[in-house]
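Order of appearance sets the numbers: ligands from 1, and atoms from 1 within every ligand. Side chains included, hydrogens not; waters and symmetry mates left out as well; all remaining heavy atoms used.
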Amino acid sequence: STPGSRFGVADLPLRDVLRGRSAYGAPQLDVPVAVNTNENPHPPSQALVDDVAESVRAAAQRLHRYPDRDAVALRTDLAAYVTTATGVPVTVDNLWAANGSNEILQQLLQAFGGPGRSALGFEPSYSMHPIIATGTDTAWIAAPRRADFSLDVDAAVAEITRRTPDVVFVTSPNNPTGQSLHPEEIRAIAAAAPGIVVVDEAYAEFSDRPSAVALLDELGDRVVVSRTMSKAFAFAGGRLGYLVAAPAMIEALLLVRLPYHLSVLTQAAARAALRHADETLAGVAHIVEERRRVVAALRDRGLVTVESDANFVLFGHFDDAHTAWQGFLDRGVLIRDVGIAGHLRVTIGLPDENDAFLAAAADLAPTGT
Ligand code: PMP
């Protein structure tokens, strides 16, 4: 038997706030069609794979040494990408990088949240925001969205004014609902916020909305923009997220980051992936087209969909969403039950994956059409 297996979590001297909590747990199941974690369905090109392999091989010559602690070359490449993608000229001093944007968000809460402080988010939104808040002992304040899941900016401003959180999360496009905000709406939220506003733009490349990066020159003491290579960049397995912010914000994060957090292998692989940005991002337009097709087909089948600016769609309405989720799984299609009554979330996949999903949806549509 496994040594130590007679102890349960309840037996451990765990922090009180963690007692009885559940860990983040999107199921990782081996199914024909996995469209549940908002990845890019297009695998990397052979040229990208070769470039990553060559770069990692070269980096491996120096594995006995610690990596560049400040990842300057990678941040320089990211700055060039962000400048092109957003039209806002940024430099290496505006960029910070970590192992996925989850680590960026955690570093932000380590620096700006913590015991005696609070973070506010507009739910439903990304489930890791409250989990990272709890992990850093930051009190979580759940503020509502409208019934259609869009963000009522006036209500948001009123709630921020009333609750005075140290950190406000704004996810745009919002996961799992799909709507995005205009930078002017984020400006209004920032004007009310007494602390920082974290704009989580994990899905920015799928949206036509301008990036909140445009606000940094004016509001850089408040607003920071978190992004990732996990979604549009098709680099979820490589683990690379980044922050675009005023240089002082990045100085603040240096106070909490672990030294050498980004391995030489990660830095080399991410730089290689960035060299192929044009070809990778060419697939984004195709995913957006497929999203339009999937939305139209779901509506044809009598289902309702929430307007999405991202690579996923929240749809319903099911009497029992979890039973419907199981029905999709029984048909080989793994989607996401995000815990919103009557609704499920599907990630846009390759055309044949979307076809398989739509065939299952036709079976499961509650109207029976
Ligand atoms: N923010 C949002 C809104 C997300 O949906 C995700 C991934 N599900 C992340 C951040 C984190 O992604 P990663 O750590 O892979 O960058």
| task | Establish, yes or no, whether the cationic atom of Arg345 lies under 6.0 Å from the six-membered ring centre of Phe312 and within 45° of the ring axis. | result | yes
| query | Between Thr171 and ligand 1, is there a nitrogen or oxygen pair with a distance under 3.5 Å? | reply | no
| Is it true that Arg62 and Asp68 have a side-chain N and a carboxylate O under 4.0 angstrom from each other? | no
| query | If we only count N/O pairs under 3.5 Å, is Tyr203 in contact with ligand 1? | reply | yes
| The one among Ser127, Ser101, Gly100 that brings a heavy atom closest to atom 10 (C) of ligand 1 | Ser101
| Protein residue, atom and distance nearest to atom 1 (N) of ligand 1, heavy-atom basis | Asp200 OD2, 2.7 Å
| Within less than 4.0 angstrom of ligand 1, does Lys231 place any heavy atom? | yes
| field | Residue-ligand contact Met128/ligand 1, heavy atom below 4.0 Å | value | no
| field | Glu205 bridged to Arg227 by N-O distance under 4.0 Å | value | yes
| task | Determine whether any heavy atom of Gly241 lies closer than 4.0 Å to an atom of ligand 1. | result | no
| query | Do Phe233 and Tyr242 have ring centroids that are under 6.0 Å from one another? | reply | no
| field | Phe122 vs Phe149, ring pair (Phe, Tyr, Trp, His ring centres under 6.0 Å): CA-CA, chis, key distance, verdict | value | CA-CA 9 Å; Phe122 302 96; Phe149 307 115; over 10 Å; no
| task | May I ask you to check whether Asn99 has an N/O atom sitting below 3.5 Å from an N/O atom of ligand 1? | result | no
| request: Please determine if Thr228 has a nitrogen or oxygen closer than 3.5 Å to a nitrogen or oxygen of ligand 1. | output: yes
